[in-house]
Amino acid sequence: MPELPEVETTRRCLEPDLVGATIQDVDVRRDRMVRRQARPQEFRDRLLRRRIRGLGRHGKFLIADVEGDIAWVTHLGMSGRVSMAKPDEPERPHTNVVIRTDREVEFRLIDPRTFGFVVAWTPEELDGSSLGHMGPDAYSELPRSPVLRRGLDGRSAPIKALLLDQRILAGLGNIYADEALFRAGIAPDRPGGSLTGDEVQRLRRAIKVTLDAGLRWGGTSLDDLAYLLPDGRAGEYVHRLRVYGRDGEPCRRCGTEIQRTVLRQRSTHWCPACQT
DNA sequence: ACCTCCCTGGCC
DNA sequence: GGCCAGGGAGGT
């Protein structure tokens with residue numbers, strides 16, 4: 001489930017331990033995790049003995065700025081999470097990548113489904129990657145509503161699908177897209193181009209409020225606890241979700257039963273009374 | 001502008 | 001045993 005609030009929460013947790021640290025060891029236990037590297041060996045070679053200068057994020061991508069103009073990029077996919085642990089702490093199952101530095105705790109990427117990945121890219125490779133074709137960050141670069149509206153103009157695809165398209169806006173996933181549409185009072189299957197100026201303004205505001213709330217509560221840890229903060233705590237936003245995963249339960253605002261439908265192969269949760 | 005597939009684990 | 005799951009690339 002890692003979406004923008006989970007990745008940003010992860011970033012904030014990692015920052016004090018990673019920024020300024022020098023990478024001493026790179027251990028890839030599953031080759032699949034470096035599948036986006038042209039040559040798998042390059043991941044290790046480009047990071048070893050280099051210093052981490054900063055830690056950023058764009059959309060759902062975590063980006064470490066490494067000496068030598070290398071971007072160490074981590075994506076958590078569907079089931080990934082990072083754990084910062086002392087080397088003598090037992091490893092959890094599916095610890096697929098371990099990176100040790102000159103600091104006390106090591107970076108462990110745990111990812112059962114291996115949809116996540118790590119990669120060390122040069123600036124040119126980064127530009128040519130999906131990261132290079134990503135829209136503005138939904139949290140730190142959220143465009144004004146007239147700009148957003150131009151992006152939706154003429155689009156017949158459902159607004160839910162457009163919110164998930166990272167080339168338009170980067171960072172929303174299935175949970176926060178549903179939550180933002182509920183807050184905006186907009187039905188998920190509305191064609192993007194059919195939204196009025198007022199509706200786009202409400203949607204923009206709803207995205208901001210939803211992401212802020214998700215961040216404030218440390219992100220969303222669902223029942224399976226696939227996502228946890230790097231220190232092992234659970235994100236508490238799951239208790240404040242308005243629609244996601246609440247199908248069959250009463251709408252918190254009007255009491256109508258929350259519906260679950262499938263839109264573009266993704267589960268979609270919404271209140272048929274509040275969202276039109 | 002769509003589907004399909006990549007994986008593993010958990011739940012019914 | 002079958003179905004479901006936070007994401008995204010790749011092919012048609």
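Labels below follow one simple rule: chain letters A, B, ... track the order of the sequence lines, proteins then strands, and each chain is numbered from 1.
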For residues 269-276 of chain A, which side-chain donor-acceptor pairs fall under 3.5 Å, sequence neighbours excluded?
residue : atom : partner : partner atom : Å
A:H269  : ND1  : A:D178  : OD2          : 2.9
A:H269  : NE2  : A:G245  : N            : 3.4
A:W270  : NE1  : A:T261  : OG1          : 3.4
A:Q275  : OE1  : A:C271  : N            : 2.8
A:Q275  : NE2  : A:L181  : O            : 3.4
A:Q275  : NE2  : A:I186  : O            : 2.8

Restricting both atoms to N or O, compile the protein contacts to nucleotides 9-12 of chain C shorter than 3.5 Å, with distance only.
residue : atom : partner : partner atom : Å
C:dA9   : OP1  : A:S130  : OG           : 2.6

I need a per-nucleotide contact map over nucleotides 5-12 of chain B, read 5' to 3'. Cutoff is protein heavy atoms under 4.0 Å; write B for the base, S for backbone only, - otherwise. -BBBS---
Identify, with sequence neighbours excluded, every residue that meets ring pair (Phe, Tyr, Trp, His ring centres under 6.0 Å) alongside A:F115. none
The criterion is side chain to side chain contact (heavy atoms under 4.5 Å, CB included); which residues satisfy it with A:D102, sequence neighbours excluded? A:A21, A:T22, A:Q24
Cut-off 3.5 Å, no hydrogens considered: what does the side-chain donor-acceptor table look like for residues 142-153 of chain A, sequence neighbours left out?
none

Run the salt bridge (charged side-chain N to carboxylate O under 4.0 Å, His left out) test against A:E125 and tell me which residues pass, sequence neighbours left out. A:R46
Under the side chain to side chain contact (heavy atoms under 4.5 Å, CB included) rule, collect the residues that match up with A:D212, sequence neighbours excluded. A:Y139, A:K208
Treat a base pair as Watson-Crick or G-U wobble with both distances under 3.5 Å, then lay out DNA chain B in dot-bracket form, 5' to 3', with | for cross-strand pairs. ||||||.|||||
For A:E104, check side chain to side chain contact (heavy atoms under 4.5 Å, CB included) against everything at least two apart and list the hits. A:K86
Residues that A:Y237 engages under ring pair (Phe, Tyr, Trp, His ring centres under 6.0 Å), provided they are two or more places apart: A:Y176
Partners of A:R35 by salt bridge (charged side-chain N to carboxylate O under 4.0 Å, His left out), sequence neighbours excluded? none
